[in-house]
Amino acid sequence: MTAITALRSATLFAGFSAAFLLPAAIAQERAELASPDGRITAEIWSEDGRPHYSVSFDGEEVVAPSRLGFRLLEGPNLETGLELVETGAASHDDEWELPWGERRVARDHHNEVSARFEDAESPELGFTVRMRAFDTGIGFRYEVSNPERGEHAITAEITEFVLPPESDAWWIEAGEYNRYEYLYRSTPLSDALVAHTPFTARLPEGGPHVSIHEAALVDYSSMWLDQRRGGVFRARLAPSHDGVPVRVGGEFATPWRTIQIADSAVGLINSDIILNLNEPNVLGDVSWVEPGKYIGIWWGMHVNTMTWESGEIHGATTENAREYIDFAAENGFDGVLIEGWNLGWDGNWFVNNEVFDFTTAYPDFDLEGVAAYARERGVRLVGHHETSGGVSNYEDQMEDAFDLYERLGVRQVKTGYVDDAGGMTRRDEDGHIRYEWHDGQFAVNHHQRVLQAAAERRISINAHEPVKDTGLRRTYPNAITREGARGQEYNAWGVPPNPPEHVAILPYTRMLSGPFDYTPGIFDMTSYADRMEGARVSHTLAKELALYVVIYSPVQMVADLPENYERFDDAFDFIRAVPADWEESIALDGEIGEHVVFARQERGSDDWYLGALTDEDPRDLSVALDFLEEGRTYTATIWRDAGDAHWDTNPYAYEIEERQVTSADTLDLPLAPGGGAAVRFAAE
Ligand code: NOJ
Ligand code: CA
């Protein structure tokens with residue numbers, strides 16, 4: 001292969017920026033790749049005409065030989081009869097800045113190979129596998145260039161991930177009605193059913209931790225993992241209304257399929273691989289994307305003291321809104337979310353698709369007046385668009401709805417797609433209803449249209465019942481946060497509520513994909529249980545504080561009713577202080593489903609914050625403070641469980657301690673059953 005062909009294949013797709021390219025020999029047997037530190041290695045080859053790859057860590061196989069390819073609705077498949085005809089190699093090392101995030105600067109350091117597979121008789125049939133090795137994992141994607149073909153109707157992706165069946169796994173089911181809102185299962189890997197990604201595994205005998213996911217999910221359907229036989233996981237593409245999950249043109253690239261590998265559980269968290277595999281910001285100046293904290297006329301609806309719909313206890317009234325705006329202003333919060341202000345909530349909105357009107361307020365809500373009052377008090381309204389999965393109804397009104405919010409000074413809109421998976425509706429050209437999946441290609445493209453329309457009005461999107469995060473926030477920094485997991489709301493409904501271990505699993509699973517609007521900070525754990533049987537928060541109060549550091553989101557909700565914060569004003573101090581945007585973040589210690597400790601440095605400040613939490617077991621943690629700047633003294637304020645605290649019997653028992661520390665110190669943190677700790681280190 002000439003250097004020119006290598007260059008052409010390497011730069012075929014926009015955004016690729018190789019530091020240098022190395023020509024490789026013609027018709028290699030195998031393409032080989034190693035991470036910059038040499039610990040992760042991978043090979044790509046063809047066996048009996050079937051493309052394969054494998055991945056090792058420290059010389060031990062992590063992903064055994066696994067197949068690659070596609071099945072198509074028409075014409076020859078891209079699966080067999082394919083030989084490796086050309087390889088290329090490249091390396092890359094640079095740093096880039098996140099406009100907001102877990103850290104300000106990320107390093108993209110990787111080696112790359114490309115492997116071109118072709119059918120000997122029809123060379124236009126084939127694909128290139130581009131694979132990158134970082135020190136924290138592998139990413140690969142398919143690139144297809146066959147303009148003659150016009151459209152590729154992909155019925156199946158043959159991509160496999162063959163893992164040791166004796167591994168342990170943490171996963172949630174895919175293809176079930178509740179989208180991503182399930183409790184994680186912790187099972188032998190061989191028991192995993194069809195699962196969403198990120199899918200997390202711990203290999204046998206102290207082997208490495210592995211997470212399988214995808215990056216840059218654009219104009220394609222989400223990848224589920226389907227275990228076909230012990231340890232053999234195959235990509236299954238989220239379906240569409242006509243049975244063909246993906247339709248793309250003659251030239252396309254798939255999302256990156258990612259395999260993170262780390263010695264320790266926290267090693268999975270300390271990685272930027274997903275963001276590095278996304279394209280840089282295309283929105284230009286995004287200084288209008290504003291991280292911060294928000295409160296809302298929200299929890300009241302979940303614990304049944306208010307309603308979304310009109311009536312006696314309608315939550316979104318002018319009066320309530322003014323009170324919430326005052327509360328936000330007095331406590332230094334940036335936004336007030338108001339749900340249920342627009343017409344459509346009466347009747348069974350959950351089931352009746354297409355009922356919402358996104359620009360008309362209920363008569364007891366003076367939208368213009370409330371927005372003006374918020375502006376006066378230096379607080380922004382946070383907009384809300386619940387679609388109940390009626391996507392065409394939303395898209396018909398979307399431009400007007402965003403225009404309205406822009407005019408009112410709204411910078412963030414929470415969207416919602418409450419509907420069973422596979423029940424999202426759109427009207428086709430003939431006006432017939434078609435049913436789509438929340439994570440299929442149609443939904444992926446819909447979310448993209450929303451981000452675009454919102455960006456034109458300098459609005460950021462917090463999507464609930466979304467498609468999973470694949471790092472697109474790098475390309476569209478107005479994709480500020482999302483749900484896509486079982487959040488706090490489940491503690492209001494008691495079906496059952498989230499157990500203490502839930503948030504000790506999330507950092508190693510769901511959080512590997514990106515920010516989560518979990519909505520932390522409930523201070524009244526149980527008193528609503530008389531209205532909602534079995535409902536409660538299964539955490540100590542100190543653990544609710546820890547969530548602000550542990551569960552990353554650049555917009556964090558202060559979720560409880562204002563009156564519940566008055567009871568614990570000195571604990572509320574932590575929520576007032578904790579930022580939502582970070583200079584640096586480090587997962588220090590933890591095990592999946594047991595505990596986790598994070599340290600994060602506030603962006604634009606020398607202050608650090610620490611959050612630690614445990615499952616239902618008590619723990620005595622010792623945390624080395626060596627992340628602090630050497631030689632500097634910090635005033636540490638520690639909010640922690642009291643000696644007799646317990647998530648079930650004594651959740652409100654906390655202590656606050658203040659002391660001077662340096663980076664040479666170790667902090668002992670006793671965590672109660674279901675407990676946690678939150679620390680602020682103020683630099684002197
Ligand atoms: C589900 C969302 O997750 C929740 O936050 C919201 O209040 C309701 N839908 C209503 O939109
Ligand atoms: Ca939800």
Side-chain angles (χ1 to χ4, degrees), residues 172 176-183 196 294-310 313-316 320 324 335-358 362 381-391 393-394 401 412-421 423-424 438-439 443 447 450 461-469 480-495 497-498 502 506 510 515-522 528 532 535 537 551 553 555-561:
I172 51 170
E176 299 296 330
Y177 84 95
N178 211 8
R179 306 167 305 271
Y180 304 99
E181 295 176 19
Y182 290 99
L183 290 174
H196 280 299
Y294 71 101
I295 60 164
I297 298 186
W298 179 77
W299 188 242
M301 279 85 100
H302 290 269
V303 297
N304 276 352
T305 57
M306 292 174 170
T307 57
W308 283 282
E309 66 267 22
S310 58
I313 53 167
H314 185 212
N320 286 344
Y324 273 67
V336 177
L337 166 72
I338 300 173
E339 295 195 1
W341 69 264
N342 62 311
L343 294 187
W345 296 90
D346 295 292
N348 199 349
W349 63 268
F350 207 95
V351 174
N352 303 335
N353 239 310
E354 314 221 319
V355 289
F356 286 104
D357 173 332
F358 297 97
Y362 278 110
L381 291 187
V382 175
H384 188 226
H385 287 161
E386 174 56 65
T387 68
S388 65
V391 171
N393 179 53
Y394 182 37
Q412 248 174 64
V413 173
K414 171 176 167 181
T415 57
Y417 298 85
V418 171
D419 207 338
D420 282 4
M424 200 177 230
H438 280 68
D439 53 353
H447 286 291
V450 174
I461 297 294
N462 167 6
H464 278 228
E465 301 78 39
V467 63
K468 67 185 172 185
D469 200 341
I480 197 159
T481 192
R482 75 189 67 206
E483 192 185 42
R486 216 176 192 266
Q488 185 84 267
E489 60 186 11
Y490 279 81
N491 298 329
W493 313 328
V495 285
N498 300 326
H502 183 55
L506 291 177
R510 160 64 180 83
F516 174 20
D517 187 33
Y518 176 86
T519 69
I522 297 299
Y528 49 86
M532 320 285 286
V537 174
I551 304 288
S553 178
V555 286
Q556 284 286 25
M557 191 171 201
V558 180
D560 211 338
L561 305 174

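When a ligand or atom number is given, it counts from 1 through the structure's own listing order. Just so we're clear, the structure is a prediction, and the values are computed from it rather than from any experiment. In this chain, residues are counted from 1 in sequence order.
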Qualifying residue for ring-ring contact (aromatic ring centres under 6.0 Å, His included) with Trp308, from Phe356, Phe350, Trp298, Trp345: Trp345
Contact check, side chains of Leu381 and Tyr324, non-hydrogen atoms, under 4.5 Å: no
Distance from atom 7 (O) of ligand 1 to nearest protein heavy atom, with residue and atom: Glu339 OE1, 2.6 Å
Total protein N, O or S atoms, the Ca ion (ligand 2), separation less than 3.0 Å: 5
Asp517 (side chain) donor-acceptor with Ser553 (main chain) under 3.5 angstrom: no
Atom 11 (O) of ligand 1 - nearest protein heavy atom and its distance: Glu386 OE1, 2.6 Å
Contacting atoms of ligand 1, where contact means under 4.0 angstrom from a heavy atom of Lys414: 4 (C), 5 (O), 6 (C), 7 (O)
Heavy-atom side-chain proximity of Arg486 to Tyr182 below 4.5 angstrom: no
His314 ring center near Trp341 ring center (under 6.0 Å): no
Backbone of His464 reached by a side-chain donor or acceptor of Glu483 within 3.5 Å: no
Contacting atoms of ligand 1, where contact means under 4.0 angstrom from a heavy atom of Glu483: 3 (O)
Any Trp345 heavy atom less than 4.0 Å from ligand 1: yes
Ring centres under 6.0 angstrom apart (Tyr394, Phe358): yes
For His384, the ligand 1 atoms whose distance to one of its heavy atoms is below 4.0 Å: 11 (O)
Nearest protein heavy atom with distance in Å, relative to atom 9 (N) of ligand 1: Val418 CG2, 3.3 Å
Minimum-distance protein heavy atom relative to atom 4 (C) of ligand 1: Glu489 OE1, 3.2 Å
Per-atom contacts, ligand 1 versus Trp298 - under 4.0 Å to a heavy atom: 4 (C), 5 (O), 6 (C), 7 (O)
Atom 3 (O) of ligand 1 [closest protein heavy-atom partner, distance rounded to 0.1 Å]: His464 ND1, 2.7 Å
Side-chain donor-acceptor contact under 3.5 Å, Asp346 with Ser310: yes
Arg179 (side chain) donor-acceptor with Asp419 (main chain) under 3.5 angstrom: yes
Non-hydrogen side-chain atoms of Glu181 and Glu489 separated by less than 4.5 Å: yes
Protein contact to atom 1 (C) of ligand 1 [nearest heavy atom, distance to 0.1 Å]: Glu465 OE2, 3.1 Å
